[in-house]
Amino acid sequence: MTRLAFFVSGTGGNALNLLKACREGRVPAEPVLAIASSPKAAGLGRLQAEGLEGRVVERKAFESDGAFSEACYAACDAAGVDLICLAGWLKKLSIPPRWEGRILNIHPSLLPRFGGPGMYGMHVHRAVVAAGEQESGATVHLVDEVYDHGRILAQARVPVLPGDTPEALQARVYAAEMDLYPRALADFLKGR
Ligand code: GRF
């Protein structure tokens, strides 16, 4: 069975949702590790409370993205992790060849639109509303060296409704993510 790690910087909502999907047999993988980029990431305690081993790896403890990334991968190697799911992870990772194609991310827009540096969280939804888009959504993709750029695995679309605030749009996209990420991960594992 594929051994999973979740990388979180925030609430851990997506990671908890994936954990549940694995434990209910909807995703054929075994979560074994959670890595948080800050001890303040609420997701870490929530995942540990579910019995997952948790580690904090802080960017500021390292001099480069590469050294930081290797510390994260070392924790993964020690736990026998095969696949990493970024779930609200906000730090830049370097992707060495051995991890290419083994790191997934979820982004709250229809990539390639509204992605890239600075496009995270509410910034994305503000930009979508300001652009007068009629549609938004979420994307699950493989992670490469360029922000929000790797191969797209699956997308979910939601309407942008007249009068939508960024907050209202975020809630609609987030609800779609809860269905999308487990489904995309299960399909990815099936195709591996
Ligand atoms: C999600 O909107 C996800 O698309 C993005 O960050 C948010 C994570 O939220 N990458 P949570 O920490 O899972 O609640």
Side-chain angles (χ1 to χ4, degrees), residues 4-23 26-27 29 31 33-50 52 54-59 69 72 83-93 95 103-129 133 135-160 164-185 188:
L4 281 188
F6 301 126
F7 282 25
V8 301
S9 303
T11 75
N14 270 284
L16 282 158
N17 182 54
L18 287 175
L19 179 67
K20 185 160 177 272
C22 292
R23 290 188 172 164
R26 287 178 282 128
V27 173
L33 178 67
I35 293 185
S37 58
S38 161
K40 292 186 196 135
L44 182 66
R46 296 173 79 191
L47 290 160
Q48 286 174 315
E50 291 295 328
L52 217 54
R55 291 280 305 274
V56 176
V57 185
E58 287 188 276
R59 175 63 183 83
S69 303
C72 295
L83 193 75
I84 295 169
C85 288
L86 309 185
W89 175 258
L90 292 174
K91 299 293 172 194
K92 181 86 173 77
L93 287 175
I95 316 294
I103 307 179
L104 276 60
N105 182 42
I106 186 160
H107 181 81
S109 78
L110 293 172
L111 292 176
R113 309 208 57 215
F114 303 100
M119 276 293 174
Y120 62 89
M122 202 54 80
H123 298 288
V124 177
H125 306 295
R126 268 190 222 115
V128 170
V129 169
E133 298 290 311
E135 195 177 50
S136 190
T139 302
V140 174
H141 65 95
L142 289 173
V143 175
D144 65 15
E145 289 281 350
V146 183
Y147 265 120
D148 300 326
H149 172 267
R151 179 159 69 87
I152 291 174
L153 299 175
Q155 291 186 311
R157 315 179 92 84
V158 304
V160 181
D164 254 351
T165 58
E167 289 76 12
L169 178 59
Q170 182 190 40
R172 197 173 307 122
V173 170
Y174 197 77
E177 290 183 7
M178 293 299 120
D179 171 65
L180 176 69
Y181 209 172
R183 204 160 37 78
L185 176 57
F188 177 74

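What you see below is based on every heavy atom in this structure, not just the backbone, and it leaves out hydrogens, waters and symmetry mates. Atoms within each ligand, like the ligands themselves, are counted from 1 in listed order. Everything quoted here is computed from the prediction, not taken from an experiment.
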Under 4.0 Å from ligand 1 - residues by heavy atom, chain and number: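 Shell around ligand 1 (4.0 Å, heavy atoms): Gly10, Thr11, Gly12, Gly13, Asn14, Gly88, Ile106, His107, Pro108, Tyr174, Glu177.
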With a 4.5 Å heavy-atom cut-off, do [X] and [Y] have their side chains touching?
{"X": "Leu93", "Y": "Val143", "value": "no"}
{"X": "Gln155", "Y": "Ile152", "value": "yes"}
{"X": "Val173", "Y": "Glu177", "value": "yes"}
{"X": "Leu104", "Y": "Phe188", "value": "yes"}

Review item, side-chain donor-acceptor pairs of residues 110-118, under 3.5 Å, at least two apart:
| residue | atom | partner | partner atom | Å |
| --- | --- | --- | --- | --- |
| Arg113 | NH1 | Glu133 | OE1 | 2.7 |
| Arg113 | NH1 | Glu133 | OE2 | 3.1 |
| Arg113 | NH2 | Glu133 | OE2 | 3.3 |

Using the rule given for side chain to side chain donor-acceptor pair (under 3.5 Å), can you reason through Ser37 versus Ser9, listing the C-alpha separation, both sets of side-chain angles and the distance that settles it, and then say yes or no? CA-CA 5 Å; Ser37 58; Ser9 303; 2.8 Å; yes
